[in-house]
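These notes concern the structure reproduced below.
Only a predicted model underlies this, so the values are computations on that prediction, with no experimental measurement involved. Naming convention: chains lettered A, B, ... in sequence-line order (proteins, then strands); numbering from 1 in each chain.
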2 protein chains.
Amino acid sequence: MTSPAIRSDAARNRGRLLDAAAGLIAERGSDIDVREISRRAGVGMGTLYRHFPTKEALLDAALEHVFTSWAEQAAAARTGEAWRDLSTFLGDALSRQTASPGLLDAYCQALPGQAGNTARRHCRQQVAPLITELVQAARQAGELRSDVTDEDVSLLLVALGRIATVVPETAWRRVLHVALDGLRATAATPM
Amino acid sequence: MTSPAIRSDAARNRGRLLDAAAGLIAERGSDIDVREISRRAGVGMGTLYRHFPTKEALLDAALEHVFTSWAEQAAAARTGEAWRDLSTFLGDALSRQTASPGLLDAYCQALPGQAGNTARRHCRQQVAPLITELVQAARQAGELRSDVTDEDVSLLLVALGRIATVVPETAWRRVLHVALDGLRATAATPM
DNA sequence: ACTGAAGCGGAGCAGATGCTCCGGTAGGGT
DNA sequence: ACCCTACCGGAGCATCTGCTCCGCTTCAGT
């Protein structure tokens, strides 16, 4: 019959490769040597390229896991208090970025208008709807200024992500605080 | 006599190398091939390495020019209206970044706490005093919130620099607007 | 057990990139 | 006009990195 029945070692190695790639992305961003990925996964290079047509494909697959769990945890953290939810979402996202520098890099590569890479775009779509919801809720609660879009918030997040990898947490939290104050309805100055 | 008297062709070639490097940094950031620099300068690789011990040294020298002229033009644009000066400084800096993606990258590499590279740090010091002045003036005028430091503003600039290279000007100007609103004394929420 | 096809490992290829070396060239003081 | 020396150019070296190739291994259906 047509029962391809994936071999057990193949499945195991595929998982190891994804874990290794995700770990390395977390530690050092998306600029990694394929040899290092395969070494960390405990497999050979041939195995890597049997499972993924290209290095980029592997990184995309690994990132998708990362983004999915980010979206899940962020959704679970919602309390219903709109403003609080929005600001903790941003703070948590930046914390996450501090711990794994590749995260918002990947998100940035998926911004509309960026060249190509549909897989990265798919990563972004794991989180984008959540941002839209948080923004809408905060706006309807009258706490977020009404002329701010979800894309503005996305961009703000990506921007802050750059400094989150570079300066200590106390420093970027100050800037986040300022940015949040700028997002408040009470601070609005005509665009 | 002790008249080293730099040869004319040497001086000319050194200038060409600096121009070529600055141009390429502007167009594509700091990740450039030495072969391309020397080709654009119309000289050979040997010439490049006669004048600069390393690629980094050449880039540092080229960036110093760029930063100097940035600082000069920004200082010349001051009007005395504190808030206006601060916000146009930020807008102009981001415009500059849009035109030459390597700019704030270099500035970012010179942030305190970053690893090494004294030359890059020297680049930052071309602009840092100006930021300090602008921040002090705006604060004394009572328009900038009092709990914000010049380093906060630097970080904000670097952060916004990331998106300035990636989305159209209308998009990053919106985010800048929000950030500026957050900097206003009237928007301040306790840190 | 048996067997054959899917899977595995890592040497090696091709191209990119920072830098060096050295035979030849040309500036500029005499 | 001459010559010495600083200077020039670019072939070539060493290294890195994404990817392929192919002989050997191991799973899983019988």
Nearest nucleotide by nearest heavy atom, which residue falls closer to the 5' end of DNA chain C, B:Pro53 or B:Ser8?
B:Pro53
The side chain of A:Val34 lies closest to which of these nucleotides: C:dC19, C:dT17, D:dG18?
D:dG18
Find every protein N or O atom lying less than 3.5 Å from an N or O atom of nucleotides 1-7 of chain D, and list the pairs.
residue : atom : partner : partner atom : Å
D:dA6   : N3   : B:Arg7  : NH1          : 2.9

Just to be sure I understand the geometry, which residues of residues 39-46 of chain B put a non-hydrogen atom under 4.0 Å away from DNA chain D?
B:Gly42, B:Val43, B:Gly44, B:Met45, B:Gly46
Specify the separation, in whole Å, of atom CZ of A:Arg12 and atom P of D:dT26.
11 Å
Whole angstrom value for the distance that separates P of C:dG10 from CG of A:Asp33:
15 Å
Given C:dC19, is OP1 or OP2 found less than 4.0 Å from the side-chain N or O atoms of B:Thr54?
yes
Mind checking B:Ile32 for me? I need base, sugar-phosphate or nothing, with any heavy atom below 4.0 Å counting as a touch.
sugar-phosphate
Across the strands shown, which category fits A:Ser38 at heavy-atom distances under 4.0 angstrom: base, sugar-phosphate, nothing?
nothing
Rounded to whole Å, how long is the line connecting atom CZ of A:Phe52 with atom P of D:dT20?
15 Å
C:dC19 phosphate, OP1 or OP2, under 4.0 Å from B:Tyr49 side-chain N/O
yes
Would you say the base of C:dG12 and the side-chain of A:Arg35 have a donor-acceptor pair closer than 3.5 Å?
yes
